[in-house]
S.K.: 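My structure is below; once you've seen it, I'll send some questions.
Predicted model, so just to flag it, every value in this text is computed and none were measured. Lettering follows sequence order; numbering is per chain, from 1.
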Amino acid sequence: MPKFYITTPIYYVNDKPHIGHAYTTIAADVLARYHRLAGDEVYFLTGTDEHGSKIAEAAQAAGKSPKEFCDENAAKFQMLWDRLDISHNQFIRTTDELHIKGVEKFLGRLKEAGAIYDGEYEGLYCQGCERFLTEKELVNGKCPDHLTAPQLIKEKNYFFKLKEYLSKVAKLIDEGKIKIMPESRRSEVLGLIKQGLDDFSVSRESVKWGIELPFDRKQVAYVWVDALINYISALGYDEDGEKFKKFWPADIHLMAKDIIKFHALYWPAMLIAAGLPAPKVVFAHGFFTVDGQKMSKSLGNTIDPDALIDSFGAEAIRYLLLSQFPFGQDGDIKAGNFSIQYNADLANGVGNFTSRVLSMAEKYLSASGGGGVVPEKDYTFSDEVAGIWRQYKEAMDRFQIDAAIEMIKKLNGFGDGYVERQKPWELAKTDPEELKKVIYNLLEIARHLAIMLYPIMPETAERILSFLGQSDWKNRKLAELKDWGGLEPGTKVEKGANLFPRI
RNA sequence: CGCGGGGUAGAGCAGUUGGCAGCUCGGCGGGCCCAUAACCCGCAGGUCGCAGGUUCGAGUCCUGCCCCCGCAACCA
């Protein structure tokens with residue numbers, strides 16, 4: 001059984017989760033669920049990044065200890081993932097003992113390998129960026145990202161020999177061993193390599209809230225280095241450990257484009273230095289604006305994920321967020337149109353289609369025990385549906401979640417069109433035998449629709465499948481589920497509840 | 001020479017390797033009555049930002065130009 005190890009970034013817990021975190025995590029969940037459905041052994045990791053001076057400061061401002069502060073915020077993330085039905089296998093926190101051990105081991109390994117050297121660093125440090133800036137990066141003496149003047153800081157630091165490993169990373173990217181997606185990000189990263197990057201420091205002397213270096217307890221790991229290591233520490237980071245052997249390297253690190261450099265260059269370089277394989281895919285999705293504007297607290301247009309869930313439900317939000325624009329690109333979330341789209345795609349689309357099909361089955365094929373009973377199979381549509389499935393799979397395999405959603409809409413439309421052409425309500429009077437075939441086809445289309453829907457809207461899919469009398473589908477692989485004719489004659493179906501009430 | 005995204009039908013967007021311009025919403029007109037006043041069909045609506053170039057052929061490649069948006073903090 002192939003394995004599929006997928007990760008989200010670990011989110012910085014200096015505040016509660018926002019819509020961007022939800023977007024990344026839902027996307028990862030969709031891919032994780034798709035791969036489980038396909039029969040892969042999936043390991044889906046998410047978590048929180050809890051060290052660094054910013055956290056320490058925020059905790060102090062809140063009058064709490066760093067750990068207390070982190071506990072509270074980490075819980076908010078966990079609660080949101082719970083509400084959104086995120087199916088992660090593990091939620092790692094960088095304050096977990098497991099992680100701390102992993103970081104110590106990994107940094108120790110880098111030191112042994114001679115990839116770390118100590119030196120003194122004097123530089124302009126930007127609090128906001130949590131890193132030293134070069135003179136060249138400054139604009140009018142200020143950090144271009146934070147518009148604050150960096151402070152001149154001098155401290156002992158350990159450095160990672162990035163320059164020494166960069167050519168190896170470049171080679172892996174070149175050979176496609178590390179796939180950077182989408183394509184535009186790949187060229188961006190190759191451009192960065194061409195420009196040349198400096199060795200970076202992996203430790204901080206001035207920061208206290210962090211993981212102490214095993215070879216120098218006066219220093220703590222730089223928060224970025226600490227964070228990246230979570231992808232292996234979560235698995236136990238033990239070359240002989242079963243979990244680690246099975247799942248590493250990651251099949252895909254998913255993230256937003258702002259942190260591509262860390263994942264596509266720094267992290268693979270560190271892994272190479274430590275003698276470990278690099279991740280197979282580094283996928284950076286885009287940023288989005290909301291209703292044409294960048295989200296910001298001062299503009300008051302931030303969207304609380306919980307409020308969205310309250311209005312539309314977790315299932316609809318998963319769908320709405322991912323159907324807005326091509327996955328990977330920048331785009332705009334038209335929150336103002338959510339109710340329009342909800343009604344169009346979910347209430348009038350999926351909800352109405354399953355409703356009309358199931359109620360026809362119940363009405364025209366009612367059995368003595370009540371409810372509809374699936375009639376004889378008909379093979380009319382094996383080709384059409386197989387074609388849609390092929391495109392759906394292609395889309396998912398290329399991480400084009402939006403394109404996969406298009407296929408769901410296409411199948412839905414195909415089903416609605418079929419109803420119109422066949423007019424079951426007339427066949428009910430003129431041709432009962434033909435009617436049975438038509439109903440069979442419709443029920444079967446509904447089943448396929450539900451399976452396709454599963455990664456995006458798992459709860460909805462399960463409900464439709466249960467209305468269709470399906471119970472053991474979870475034990476089957478997609479390769480089998482997507483074949484035409486999966487619905488067995490004699491199965492009882494029921495109209496079920498209204499899936500998406502109009503709003 | 002800061003970085004990045006974008007200019008395609010009224011609105012919002014697709015257009016992978018160049019090959020007769022598509023989708024959704026909205027508008028108009030029909031149809032249907034199984035369904036969540038839902039569904040189906042048809043119509044209107046585009047000089048694909050501008051100007052050159054390459055090509056048998058460019059929204060798609062090249063050059064130049066114009067315009068819009070994001071880039072303090074939070075932060076995917």
S.K.: Which atom pair, heavy atoms only, marks the closest approach of A/W209 to A/K67?
M.R.: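 For A/W209 and A/K67, the tightest heavy-atom pair comes out as CH2-N, 4.0 Å.
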S.K.: Over how many whole Å does the gap from A/K409 atom NZ to B/C39 atom P extend?
M.R.: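 Answer to the nearest Å: 13 Å.
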S.K.: Ion pair present between A/R93 and A/D71, side-chain N to carboxylate O less than 4.0 angstrom?
M.R.: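 Yes.
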S.K.: Mind calculating the distance between CG (A/D15) and C1' (B/A76) to the nearest angstrom?
M.R.: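 Taking atom C1' of B/A76 as the reference, CG of A/D15 is at 14 Å.
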S.K.: OP1, OP2 of B/C74 versus side-chain N and O of A/K16: anything below 4.0 Å?
M.R.: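 False: A/K16 side-chain N/O out of range (4.0 Å or more) of B/C74 OP1/OP2.
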S.K.: Which whole number of Å gives the distance between the P atom of B/U17 and that of B/A72?
M.R.: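 One P to the other, the span is 34 Å.
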S.K.: Please verify the inter-ring angle class for A/F4 with A/H35; under 30° counts as parallel, over 60° as perpendicular, anything in between as tilted.
M.R.: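 If you compare the ring of A/F4 with that of A/H35, the planes turn out parallel.
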S.K.: If the C1' atom of B/A14 is compared with that of B/G22, how far apart are they to the nearest Å?
M.R.: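 Their C1' atoms lie roughly 7 Å apart.
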S.K.: What interatomic distance, in whole Å, is found between C1' of B/G19 and the corresponding atom of B/A58?
M.R.: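 My reading of the C1' atoms in B/A58 and B/G19 gives 10 Å.
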S.K.: Hey, does A/S355 reach any base, or is it just sugar-phosphate, or nothing, if we go heavy atoms under 4.0 Å?
M.R.: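 Base, at least one base heavy atom under 4.0 Å.
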S.K.: Take atom CG of A/L254 and atom C1' of B/A76, then tell me their distance rounded to the nearest Å.
M.R.: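 To the nearest whole Å, that distance equals 9 Å.
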S.K.: Can you measure A/Q391 atom CD to B/C23 atom C1' for me and round it to whole angstrom units?
M.R.: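 So the CD-C1' distance, A/Q391 to B/C23, works out to 14 Å.
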S.K.: Taking atom C1' in both B/G2 and B/U60, compute the distance separating them and give it to the nearest angstrom.
M.R.: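 One C1' to the other, the span is 29 Å.
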S.K.: As a test of reading the structure: which of B/C23, B/C34, B/C25 is closest to the side chain of A/W425, going by heavy atoms?
M.R.: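 Nucleotide nearest to A/W425's side chain: B/C34.
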S.K.: Roughly how many Å apart are B/A35 and B/U8, using the C1' atom of each and rounding to a whole number?
M.R.: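 Roughly 36 Å separates the two C1' atoms.
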S.K.: I'd like the C1' distance from B/U36 over to B/C69, given in whole Å.
M.R.: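 That atom pair is separated by 39 Å.
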S.K.: Please classify the nucleic acid contact of A/L499 as base, sugar-phosphate, or nothing, using heavy-atom distances under 4.0 Å.
M.R.: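 Base, at least one base heavy atom under 4.0 Å.
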S.K.: Would you call A/R33 and A/D85 a salt bridge, taking side-chain N to carboxylate O under 4.0 Å as the test?
M.R.: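 Answer for the salt bridge query: yes.
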S.K.: Taking CG from A/N348 and C1' from B/U24, how many angstroms apart are they, rounded to a whole number?
M.R.: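 In whole Å, B/U24 C1' and A/N348 CG are 13 Å from each other.
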S.K.: Mind calculating the distance between CE (A/M255) and C1' (B/A76) to the nearest angstrom?
M.R.: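 Checked: the CE to C1' distance equals 11 Å.
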S.K.: Tell me whether A/K423 is salt-bridged to A/D431, with the criterion being a basic N under 4.0 Å from an acidic carboxylate O.
M.R.: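 Salt bridge absent between A/K423 and A/D431.
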S.K.: What interatomic distance, in whole Å, is found between C1' of B/C48 and the corresponding atom of B/C1?
M.R.: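 Rounded to whole Å, the distance is 30 Å.
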S.K.: Without decimals, in angstroms, what is the distance between A/R356 CZ and B/A37 P?
M.R.: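 So the two atoms are 12 Å apart, to the nearest Å.
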S.K.: Within the pair A/R502 and B/A38, is there a side-chain N or O less than 4.0 Å away from OP1 or OP2?
M.R.: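 For B/A38, OP1/OP2 do have a side-chain N/O of A/R502 under 4.0 Å.
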S.K.: Just the rounded figure in Å: distance from P of B/C39 to CZ of A/F414.
M.R.: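 The answer, rounded to whole Å, is 18 Å.
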S.K.: Only one of A/D397, A/V42, A/I401 clears side chain to side chain contact (heavy atoms under 4.5 Å, CB included) with A/Y34; which?
M.R.: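 By the side chain to side chain contact (heavy atoms under 4.5 Å, CB included) criterion, A/Y34 pairs with just one of A/D397, A/V42, A/I401: A/D397.
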S.K.: Within the 4.0 Å heavy-atom criterion, would you say A/K257 contacts the bases, only the backbone, or no part of the nucleic acid?
M.R.: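 Sugar-phosphate, backbone atoms only, no base.
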S.K.: Identify which nucleotide among B/A76, B/C33, B/A35 has an atom closest to any side-chain atom of A/E426, counting heavy atoms from C-beta outward.
M.R.: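 Nearest nucleotide to the side chain: B/C33.
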S.K.: Could you measure between the two C1' atoms, the one in B/C68 and the one in B/C34, and give it in whole Å?
M.R.: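 Comparing C1' positions in B/C68 and B/C34 gives a spacing of 48 Å.
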